[in-house]
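First up is the structure itself, then whatever we jot down about it.
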Amino acid sequence: MDRRRSTLWLGLLAALCWWFLSSNPAPRDVMQQIEILGELRVATINGPLTIYETAGGRAGFEYDLVSGLAKNLGVEPKWQVYASLEEAREAVALGNAHLLAAAWTAPPIPPYELVTTRPYRSAQYQIAFHKQLSPRPKIIADLADQEVWVGQEALLHLLEDQVPQAQPRLSTQSAEVLLERVARQELPMALVDSDTLFIARRGYPDLREGPVIGDPLDKVWAVSASAGEALRIAANTYLRFIEVEGRLALLHDRHFQHLDRLDNFSQNAFRERVNSRLPAYRPLFEAAAARYGLDWRFLAAVAYQESSWNPGAVSPTGVRGLMMLTRQTAKEMGVKRRSDPAQSIDGGARYFVQLHARVAESAPEPDRTWMTLAAYNLGMGHLHDLQRLTAELGGEPNRWVDLRDNLPKLMQPRWYKRPLIRYGYARGSEARAYVGNIRAYYDLLRWLFPQPGEKPLDIEQPLKPFSLTLQNERRELPEILIPAL
């Protein structure tokens with residue numbers, strides 16, 4: 001009897017399960033799955049353009065971009081990192097992931113199982129080689145009979161099509177590993193994404209850029225062709241919105257803009273001075289940074305731009321010392337001898353903090369920091385002129401990319417003679433280069449001296465408060481934790 005009753009209950013349970021599954025099938029539409037799961041499953045690969053681990057968390061251009069999409073959808077991103085781009089594409093095609101976000105430059109006719117979004121960036125494929133390679137490839141014809149390594153089968157076909165005389169070699173290693181091997185002179189040349197090469201040259205200054213292969217290609221996301229149309233529309237809407245709003249430009253600026261500031265000579269000179277000059281002053285930078293809530297590497301980057309870490313530096317206008325302080329600024333900061341490294345660094349750090357406190361609190365980071373650097377170089381009056389001019393021209397006066405584009409106008413009479421410009425002519429192009437160079441030096445120092453637990457800050461993350469005592473006056477100022485670049 002008990003066995004019959006158990007069998008009856010099992011049969012009834014099976015019938016109920018069959019009825020539930022048949023009347024409530026798993027949603028085929030990707031957007032329905034995302035809503036039910038509360039997460040956006042993202043197929044990607046590791047790399048400087050996509051997502052990578054730091055001591056304090058994940059970072060990357062795609063990481064920031066997709067995180068914004070997930071936030072817009074009201075879900076959490078779930079990152080599924082694959083060993084290759086082909087595996088990431090297959091995961092989306094098979095329905096194991098919702099979105100392909102892997103810095104993919106789709107071919108003119110994408111795989112039939114995927115559909116792509118609107119582009120969010122463009123790049124080209126480019127030859128990378130070591131500076132000591134001889135002869136150097138300057139044009140495509142120079143690749144004839146030369147061994148060129150690629151990390152994707154699509155690049156193999158591209159090279160065969162564009163340079164039939166070349167000798168392409170396919171590797172299972174990533175573009176980053178191929179570039180590292182080229183930098184160590186283990187491989188003669190590699191064909192990689194120009195953005196990847198662009199970023200890799202920070203760590204491998206001996207890499208050189210050769211000819212580009214093929215036409216510029218758009219970078220896109222991709223979704224399932226059979227069930228991803230709603231997600232594709234949502235992604236397109238998001239990408240279009242952040243483009244119009246200016247956030248896409250902010251992300252481009254944050255991850256790419258400053259990287260081309262330094263030529264090969266400048267990078268090599270910087271690295272030599274990191275070894276020969278920086279050790280003597282690093283304790284002073286660390287001490288001043290700890291006092292005023294700064295990153296010592298940022299403070300060192302400012303000092304390098306000012307004086308190349310030369311305490312005896314003097315400009316034609318009379319500013320001097322490691323931080324190149326004017327007489328007036330030194331007096332206000334209590335610096336009695338500008339050529340003294342400790343006094344100069346402390347005075348420069350305090351001056352930066354005071355300027356930062358005077359920049360509008362409504363300016364988000366890292367924009368507020370770049371604006372402060374412009375004020376450090378030009379003066380606060382010229383920064384306010386620049387903000388007024390930018391607002392009149394329809395830009396955002398608290399967004400650095402808009403301010404940066406208008407800086408050269410402060411050198412042109414048709415602009416600086418206008419009534420709204422109260423302080424007249426300013427060396428705007430110099431200030432733009434000044435900020436860009438410091439960003440590049442700071443980026444190199446972060447790469448050379450990573451800090452435990454370091455985590456890149458999101459653009460919108462508010463700064464934490466800290467207390468600072470200046471000239472016997474206790475003030476509450478925001479903590480200046482310079483964001484990742």
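What you see is a predicted model, and the numbers here were worked out from it, not measured in a lab. Both backbone and side-chain heavy atoms feed into the values below; hydrogens, waters and symmetry mates do not.
- The shortest heavy-atom contact between K138 and D142 is N-OD2, 2.8 Å.
- Aromatic rings from Y281 and W296 are positioned such that their centres are separated by 6.0 Å or more.
- Between L191 and V150, the shortest heavy-atom contact is CB-CG1, 3.7 Å.
- Taking each heavy atom of V302 and Y434 in turn, the nearest pair found is CG1-OH, 4.0 Å.
- Between Y125 and L217 the shortest side-chain heavy-atom distance falls below 4.5 Å.
- In the displayed structure, D215 atom CG is contacted under 6.0 Å by at most 12 heavy atoms of other residues, nucleotides or ligands.
- Summarising the local packing, CD of Q185 is surrounded by more than 12 heavy atoms from other residues, nucleotides or ligands at distances under 6.0 Å.
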Residues D402, T390; criterion side-chain hydrogen bond (donor to acceptor under 3.5 Å, both in side chains); working and verdict: CA-CA 7 Å; D402 292 353; T390 298; over 6 Å; no
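- Put simply, OG on S84 and CD on Q173 are 13.5 Å apart, with the number rounded to the nearest 0.5 Å.
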Side chain to side chain contact (heavy atoms under 4.5 Å, CB included) evaluation trace for E306 with Y376: CA-CA 11 Å; E306 291 286 355; Y376 192 104; 3.2 Å; yes
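- The closest donor-acceptor contact from the side chain of E62 to the backbone of I51 lies at 3.5 Å or more, if one exists at all.
- For the pair R169 (side chain) and E147 (backbone), a donor-acceptor distance under 3.5 Å is absent.
- Residue L284 holds its CG atom at 12.0 Å from CZ of R282, rounded to the nearest 0.5 Å.
- Judged purely by atom type and a 3.5 angstrom limit, R432 has no side-chain atom pairing as donor or acceptor with the backbone of D405.
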CA sep, side-chain torsions, deciding dist, call: R388, E392, salt bridge (charged side-chain N to carboxylate O under 4.0 Å, His left out): CA-CA 6 Å; R388 284 190 289 269; E392 184 174 274; over 6 Å; no
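- For the pair Q124 (side chain) and G214 (backbone), a donor-acceptor distance under 3.5 Å is present.
- At distances below 3.5 Å, at least one donor-acceptor pair connects side-chain atoms of R297 with backbone N or O atoms of F449.
- Taking every heavy atom of both residues into account, G347 and V335 meet most closely at CA-CG2, 3.8 Å.
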Test side chain to side chain contact (heavy atoms under 4.5 Å, CB included) applied to V401 and E396, step by step: CA-CA 9 Å; V401 290; E396 170 52 57; over 6 Å; no
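- In this structure a side-chain-to-backbone donor-acceptor pair under 3.5 Å is missing from D385 to I421.
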Side chain to side chain contact (heavy atoms under 4.5 Å, CB included) evaluation trace for K409 with L389: CA-CA 9 Å; K409 291 182 171 64; L389 178 61; 3.9 Å; yes
Step-by-step side-chain hydrogen bond (donor to acceptor under 3.5 Å, both in side chains) determination, Y304 to N437: CA-CA 10 Å; Y304 188 84; N437 287 347; over 6 Å; no
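- The one candidate from D218, D195, D193 that meets the salt bridge (Lys or Arg N to Asp or Glu O under 4.0 Å) condition with R121 is D195.
- Contact check on R439 versus D443 returns no salt bridge, with no Lys/Arg side-chain nitrogen under 4.0 Å from an Asp/Glu carboxylate oxygen.
- In this structure a side-chain-to-backbone donor-acceptor pair under 3.5 Å is missing from R338 to G321.
- For the residue pair P137 and M189, the shortest heavy atom distance occurs at CG-SD, 3.6 Å.
- Here R368 does not pair with E365 in a salt bridge; the nearest charged N to carboxylate O distance is not below 4.0 Å.
- Atom CD of E332 sits about 7.0 Å away from atom OH of Y351, to the nearest 0.5 Å.
- The distance from the CG atom of L383 to the CG atom of L410 is 9.5 Å, given to the nearest 0.5 Å.
- More than 12 non-hydrogen atoms from other residues, nucleotides or ligands lie less than 6.0 angstrom from CZ of R418.
- Distance alone, capped at 3.5 Å, is enough to place a donor-acceptor pair between the Q343 side chain and the R337 backbone.
- Counting only distance, with no hydrogens or angles, the side chain of T117 and the backbone of W221 share a donor-acceptor pair below 3.5 Å.
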Candidate pair V274 and W309, rule side chain to side chain contact (heavy atoms under 4.5 Å, CB included), full reasoning: CA-CA 9 Å; V274 163; W309 298 326; 3.9 Å; yes
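- Side-chain contact between L278 and L445: present, with at least one pair of heavy atoms (C-beta onward) separated by less than 4.5 Å.
- In the displayed structure, R327 atom CZ is contacted under 6.0 Å by at most 12 heavy atoms of other residues, nucleotides or ligands.
- Rounding to the nearest 0.5 Å places CD1 of I345 at 10.5 Å from CG of L325.
- At least one side-chain heavy atom of F298 sits under 4.5 Å from a side-chain heavy atom of I438.
- Distance check, rounded to the nearest 0.5 Å: CD of E243 to OH of Y120 gives 13.5 Å.
- At least one side-chain heavy atom of R136 sits less than 4.5 Å from a side-chain heavy atom of K131.
- The closest donor-acceptor contact from the side chain of S194 to the backbone of Q126 lies at 3.5 Å or more, if one exists at all.
- Proximity of L407 to L378: side-chain heavy atoms (C-beta onward) are separated by under 4.5 Å at one or more points.
- A 4.5 Å side-chain heavy-atom check between M371 and N398 finds at least one atom pair inside the cut-off.
- Counting only heavy atoms from C-beta outward, the side chains of S67 and W79 approach each other to under 4.5 Å.
- Residues P188 and V182 approach most closely at O-CG1, 4.2 Å, considering heavy atoms.
- Two residues are said to be in side-chain contact when any heavy atoms from C-beta on lie closer than 4.5 Å; M333 and Q354 meet this criterion.
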Test log, rule salt bridge (charged side-chain N to carboxylate O under 4.0 Å, His left out), inputs R399 and D367: CA-CA 6 Å; R399 186 164 59 192; D367 298 62; over 6 Å; no
